[in-house]
Amino acid sequence: MNYSIEKVAVLVGAQRLGNVDANVGFVLTDSRSLCFPEETIFFALKSDRNDGHHYIPELYRRGVRNFVVQDVPQDYDKLYPQTNFLKVVDSLEALQRLAERHRSEFRIPVIGITGSNGKTMVKEWLYQLLSPQLTVTRSPRSYNSQIGVPLSVWLLNEHTQLGIFEAGISQPGEMRRLQEIIRPTIGVMASLGDAHQENFTSLEEKCKEKMLLFKDTEAIVYSLDEKVVAECMQSLSYSGTKLSWSVEYDQASFYVESIEKQDITTTITYRWQNSLKGKFTLPFIDEASVGNSITCAVVALYLGVKPDDLARRMADLEPVAMRLEVKEGQHGCTLINDSYNSDINSLDIALDFMNRRPDHKGRKRTLILSDILQSGETKNNLYPEVADLAEKRGVEKFIGIGEALRSESDAFSRLQEKYFFATVSEFINSDVFKGLRNEVILLKGARSFGFDQLTELLVNKVHETVLEVNLNAVVDNLNWYRSFLKQETKLVCMIKADGYGAGAVEIAKTLQDHRVDYLAVAVADEGVTLRKNGITSNIMIMNPEMSSFKTLFDYELEPEVYSFRLLDALVKAAQKEGITGYPVHVKLDTGMHRLGFNPKTEMNELIARLKQQSAIIPRSVFSHFVGSDSDDFDSFSEIQFKLFDEASKMLQSAFDHKILRHIDNSAGIEHFPERQLDMCRLGLGLYGIDSRNNEIINNVSTLKTTILQMRYVPAGDTVGYSRKGKIERDSVIAAIPIGYADGLNRKLGNRHCYCLVNGQHAPYVGNICMDVAMIDVTGIECKEGDSVEIFGDHLPVTVLSDVLETIPYEVLTNVSNRVKRVYYQD
């Protein structure tokens, strides 16, 4: 749906500057995601760390002519001719108000989902259950924040018959605004957990805040078995219909009479509204899926889905891969797998992700797409829109699978390469499939087309042990530490040791996309790898080698300088290359006694040598706290800072240009905010570990493997080398394909530590071998092929490091390179 710029100005209550006629169809808050500039209005949002007004010149050059701003640029009529500026008091409030007014245009049922766990799964399963009979618009991915909700609601269009939107909050006072934007007619409370609990005094307070979403709904769906939810619902002054479900209380609207689990399915028998009886079989057995399916069943029945149709659709439910995965494929390809659904909005998000990933290998960007189902649009309207989107997002090779796409192949005439197939099988047997080489491939298709076959065939066959890296968690940790920084303070992100084992290239791409000021690695070769993979950010080399100077210059890598020997050699090498003003980073030893110039005795000599040449120039000066992670070292840290402060100011006074000063590391950012200076260095904290308390902030890395084999071992027998694993009782022992060659420390064996199998502790039995470990799964419901978590979301890496009496760094960086990394974005 398009709005005239005049109407947008009225809806958001803006003062309009400029009188250019325009129609607005796309709302943009992130300049990096621009696709259709002619129809886009950019909301210049302000935050503590960023200001959207800074990106107006860039967006103007790229064709945007409509802006919502808090601050109108000076001389706007001269600098930005033929442009509309809508001046408002608060750009975020204006965005929310526009979405709120847009929502008021629709007289349709709208489902609002909140809770702590399961919101996205409930949303996606409701879409699967209801889209066969209704045209549904839903939140893309997890767009449930103060910005995400208005962007989601904006997607409502003339074809929409049902809206499904998530609402997520992290602190009191946030839900009221989301309720006004979504204005749900049906409220759904997913499972209530402890996510974001730190900002609430109690679980009850958080529950009541979430229930503000249900104001003015005609019905609420919730679990009577969740005590806090049931009590809050009881206290809620509510005149609508309360649709409770329960396994324990037969007075619930949806009473679960029985739950029968088979090997891979669960059958649920129920009674609805005290009269109608039915049952359905779900293709999942985990408790979360069972609970979420019941929530979905209540909503579907309330909306008129017949029990027989519900049973048929429940049996066909597909797993919700709530993350966009990046994997190394065969023949030099990289796979971006987002095949859990296929609709125009999620396609745009996935294409944006692919388009924003730098790739200097010259690889073709390829989209493999299935027919888009239940869009509500005719195919001759839908697929030209898809083709236009693919072209604008930089797709060079298009592969369409499905009869609808094949019949609309003419819509893709402007793309360089395009191929169409009726089925996945036809594509797999084609020369086009066999010819996939050195490409970045986005897989985007409904599972009903069999896209899982493509993933299986295209991905590199890997060791069954993988390290999953959550790129969203990296960003969350980055923003968490940014929240402690002064607005003007810059940030260096440490990605040495291959990104602390997580993979430096993918971490660097994510950090560059979020505009960090500096990246830092240990040696020049690490920097070269980043440059060859499209990283253009400033890169600091912490341990430059004498043999690497030419490499440093060729790849614009900025070395640390810590000794006169290194300084003189670097100057000589730069002069030989005819280089002047090359940036370096001066390190001072204030107490670590590892590397660095002595601030007490060597500053005069250092300044003299720097001043007598022009080949290099100090860009920053820094030092390391010995113990910012512990209060025990505060007095020594104070001595260190005083030494650094005096010496660094002495260096600065000798030069006219600004020299950045930095001494705070991850722990220091939090513990010594007054010592942030010009820049801080973020290391372990970026990877989700707070070294101040050894607790997890947002987990980044999850090491997983699978059960290879299970066997019964009687009491008295032993397991493994040297008969160290003595079995005290009749046991079930599982073998898993991970050993010390993968980075699983041998000291964890012999029941010193455990892994998780289906959420339960399974101790390591006997000695850990090079490639295999044995675990005790006695009493745990599991089978061969089941997943095993070595560390991750449910088993913090700090548990392992504590057992090993070491630090988390060591555990993370010891994960072998033969363990494949899988990257994903929620």
Would you check if there is a donor-acceptor pair between the side chains of [Y] and [X] at a distance under 3.5 Å?
{"X": "Arg356", "Y": "Ser33", "value": "yes"}
{"X": "Asn23", "Y": "Ser4", "value": "no"}
{"X": "Arg661", "Y": "Ser620", "value": "no"}
{"X": "Gln96", "Y": "Gln146", "value": "yes"}

Are any side-chain N or O atoms of [X] and backbone N or O atoms of [Y], one a donor and one an acceptor, separated by less than 3.5 Å?
{"X": "His514", "Y": "Val475", "value": "no"}
{"X": "Asn698", "Y": "Gly688", "value": "no"}
{"X": "Glu209", "Y": "Glu174", "value": "yes"}
{"X": "Asn477", "Y": "Leu686", "value": "yes"}
{"X": "Thr185", "Y": "Glu218", "value": "no"}
{"X": "Lys123", "Y": "Ser139", "value": "yes"}

Asn381 and Thr378: CA distance, side-chain angles, deciding distance, side chain to side chain donor-acceptor pair (under 3.5 Å) verdict: CA-CA 5 Å; Asn381 284 333; Thr378 61; 3.0 Å; yes

Where Cys493 and Leu511 come nearest, the two heavy atoms and their spacing: CB-CD1, 3.6 Å

Closest non-hydrogen atom pair, Arg16 against Ile5: NH2-CG2, 3.4 Å

What I want to find out is whether [X] reaches [Y] closely enough, with some N-O distance under 4.0 Å, to be called a salt bridge.
{"X": "Asp664", "Y": "Arg675", "result": "no"}
{"X": "Glu417", "Y": "Lys364", "result": "yes"}
{"X": "Asp371", "Y": "Lys379", "result": "no"}
{"X": "Arg531", "Y": "Glu556", "result": "no"}
{"X": "Arg103", "Y": "Glu100", "result": "no"}

Tell me whether the count of non-hydrogen atoms from other residues, nucleotides or ligands lying under 6.0 Å of [atom1] in [X] goes above 12.
{"X": "Gln82", "atom1": "CD", "result": "no"}
{"X": "Gln74", "atom1": "CD", "result": "no"}
{"X": "Lys215", "atom1": "NZ", "result": "no"}
{"X": "Asn2", "atom1": "CG", "result": "yes"}

Ring pair (Phe, Tyr, Trp, His ring centres under 6.0 Å) contacts touching residues 30-49 (sequence neighbours left out): Phe26-Phe36

Member of Lys397, Glu439, Glu396 meeting the side-chain hydrogen bond (donor to acceptor under 3.5 Å, both in side chains) criterion with Thr366: Glu439

The single option from Arg414, Lys418, Arg365 passing salt bridge (charged side-chain N to carboxylate O under 4.0 Å, His left out) against Glu391: Arg414

Ring geometry between Trp154 and His102 (parallel below 30°, tilted from 30 to 60°, perpendicular above 60°): tilted

Geometric class of the Phe655/His657 ring pair [parallel <30°, tilted 30-60°, perpendicular >60°]: perpendicular

Within residues 82-95 or reaching into it, pairs that qualify as salt bridge (Lys or Arg N to Asp or Glu O under 4.0 Å) - sequence neighbours excluded: none

Check: Tyr518 ring centroid to His662 ring centroid under 6.0 Å: no

Test item: Tyr3 and Ile41 side chains (from C-beta on) under 4.5 Å apart, heavy atoms: no

Flag side-chain contact, heavy atom, 4.5 Å: Ile368 against Leu442: no

Worked verdict on Asp352 versus Arg393 for salt bridge (charged side-chain N to carboxylate O under 4.0 Å, His left out): CA-CA 7 Å; Asp352 182 38; Arg393 291 294 191 200; 3.6 Å; yes

